[in-house]
Amino acid sequence: MTAPTPHRTLSARVNVSADTWTTVWSFVHRVLVVNLGLAVTNLPLLVALAVVAQPWRYPVFFGLLSISVGPSLAAAFGYLGRAETPADQPPVGVFVRAYRRSFVPAIGRWTATVALLAVLTTDIVVLHDSRHGALLVPLLAVTAVLVLAASLLTLALAVLAPHLGFGPAVRIAAYTAVRRAPLSLFSLVLLLVAALSVNQAPLLGLATVPGCALVAVWANSRAALAHLLPDDEPEGHHPPREERP
């Protein structure tokens, strides 16, 4: 009995079905579209970060520029939500339409997030060396983490439940961020790793990492909100239901 030739053994090892390749390339396509959309919609912020050596010394300026992040994240969620199966490859136009559709609620919710984080960060800096700092600073830091976690869920709700107003969306997001704390913290860790990667290698990081992180964040957000939103499909996936008298 003859042993298999090395050529045949190597071919057997790399033999991958067409469906698997389609899924892989569809994932790459979605990641690249999301990264491109994030880069274009946050171009002023990215340029400012590249030019200014110490951005933390200009908190008001960069705080205002960071408001553009909210609508871009909501658009990324809307784009990823249109991929019904792993093999789907929604075109770039879907990202653009999702950006326009979710811009108003997303920018309002993210502006409130930036304002709250600015207040909390200021309090932490002021109280850090005070007599009550040991008690208040950890509490403020936990509150800031909760605000960030809830803000991501409010942006996901702009896609999953666009009919919700500001107040109901905030209440649902805050409740879910606490109840599903592991998923919320995991999403924040992924975004932190993505931000650090982009900071260390801007071109390579921006081309690969953010989209991969947002795919996981979107999946986490949908899973966290599933118990409150039975019909958690984004707008446009199902035909409108007729109201019964």
Side-chain angles (χ1 to χ4, degrees), residues 30-80 92-126 128 140-141 143-156 158-159 166 173 187-218 221:
R30 294 196 297 270
V31 168
L32 292 178
V33 170
V34 168
N35 290 339
L36 177 62
L38 292 176
V40 172
T41 53
N42 296 288
L43 189 59
L45 176 62
L46 295 175
V47 171
L49 289 173
V51 172
V52 179
Q54 297 177 334
W56 58 87
R57 299 184 62 180
Y58 310 95
V60 177
F61 175 71
F62 281 95
L64 292 175
L65 288 180
S66 66
I67 293 176
S68 65
V69 174
S72 64
L73 291 178
F77 291 158
Y79 174 82
L80 294 172
V92 179
V94 173
F95 186 97
V96 177
R97 290 192 293 271
Y99 186 85
R100 291 200 303 261
R101 184 168 56 248
S102 60
F103 180 83
V104 173
I107 199 168
R109 296 170 190 183
W110 191 253
T111 300
T113 299
V114 172
L116 281 175
L117 290 177
V119 172
L120 292 171
T121 303
T122 302
D123 290 341
I124 290 173
V125 172
V126 171
H128 182 268
L140 293 172
T143 304
V145 172
L146 176 61
V147 168
L148 274 175
S151 67
L152 287 178
L153 293 173
T154 60
L155 296 178
V159 176
F166 181 85
S187 296
L188 292 181
V189 169
L190 287 176
L191 293 180
L192 177 61
V193 171
L196 293 176
S197 301
V198 173
N199 181 65
Q200 294 298 321
L203 292 179
L204 180 60
L206 189 60
T208 56
V209 180
C212 297
L214 286 177
V215 170
V217 171
W218 169 244
S221 299

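Hydrogens, waters and symmetry mates play no part in the numbers below; they use all other heavy atoms, side chains included.
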**Prompt:** Is a donor on one side and an acceptor on the other found under 3.5 Å between the side chain of T121 and the backbone of A118?
**Reply:** no

**Asked** Aromatic rings Y58 and F62: how do their planes relate, parallel, tilted or perpendicular, breaks at 30° and 60°?
**Response** tilted

**Request:** Would you check if L188 and L152 make a side-chain contact, meaning some heavy-atom pair closer than 4.5 Å?
**Result:** yes

**Complete:** Checking V119, V125, V126 against T122 for side-chain contact (heavy atoms from CB on, under 4.5 Å), the one that qualifies is V126

**Complete:** Rounding to 0.5 Å, atoms OG1 (T111) and CD1 (I67) come to a distance of 4.0 Å

**Fill in**
Rounded to the nearest 0.5 Å, the CG atom of D123 sits from the OG1 atom of T143 at a distance of 10.0 Å

**Asked** Shortest non-hydrogen contact from G211 to N35?
**Response** N-OD1, 2.6 Å

**Request:** Apply the side-chain contact (heavy atoms from CB on, under 4.5 Å) test between L214 and each candidate in V31, V209, V34; give the one that qualifies.
**Result:** V34

**V198 side chain near P210 side chain, heavy-atom distance below 4.5 Å** = yes

**Item:** Nearest heavy atoms of A150 and A173, plus distance in Å
**Value:** O-CB, 3.3 Å

**Request:** Might you point out which heavy atoms bring V114 and G63 nearest each other, and give the distance in Å?
**Result:** CG1-O, 3.7 Å

**Asked** At their closest point, which heavy atom of P71 faces which heavy atom of S102, and how far apart are they?
**Response** O-OG, 4.5 Å

**Request:** List the steps and the verdict of side chain to side chain contact (heavy atoms under 4.5 Å, CB included) for F95 and L36.
**Result:** CA-CA 10 Å; F95 186 97; L36 177 62; over 6 Å; no

**Fill in**
Taken to the nearest 0.5 Å, the spacing of H128 NE2 from L140 CG works out to 12.0 Å

**Message:** For a quick test of reading the model, state the closest non-hydrogen atom pair linking Y99 to S72 and the distance between them.
**Reply:** CE1-N, 3.9 Å

**Residues that S187 engages under side chain to side chain donor-acceptor pair (under 3.5 Å), provided they are two or more places apart** = N220

**Prompt:** Taking all atoms of both residues into account, what is the closest heavy-atom pair of A48 and F61, and its distance?
**Reply:** CB-CE2, 3.9 Å

**Request:** Answer whether the closest heavy-atom distance between the side chains of F166 and T154 falls below 4.5 Å.
**Result:** no

**Prompt:** Taking atom CG of L116 and atom OG of S151, what is their separation to the nearest 0.5 Å?
**Reply:** 9.5 Å

**Asked** Taking C-beta and beyond as the side chain, do L192 and L196 meet within less than 4.5 Å on heavy atoms?
**Response** yes

**Item:** Member of V92, L38, L80 meeting the side-chain contact (heavy atoms from CB on, under 4.5 Å) criterion with V33
**Value:** V92

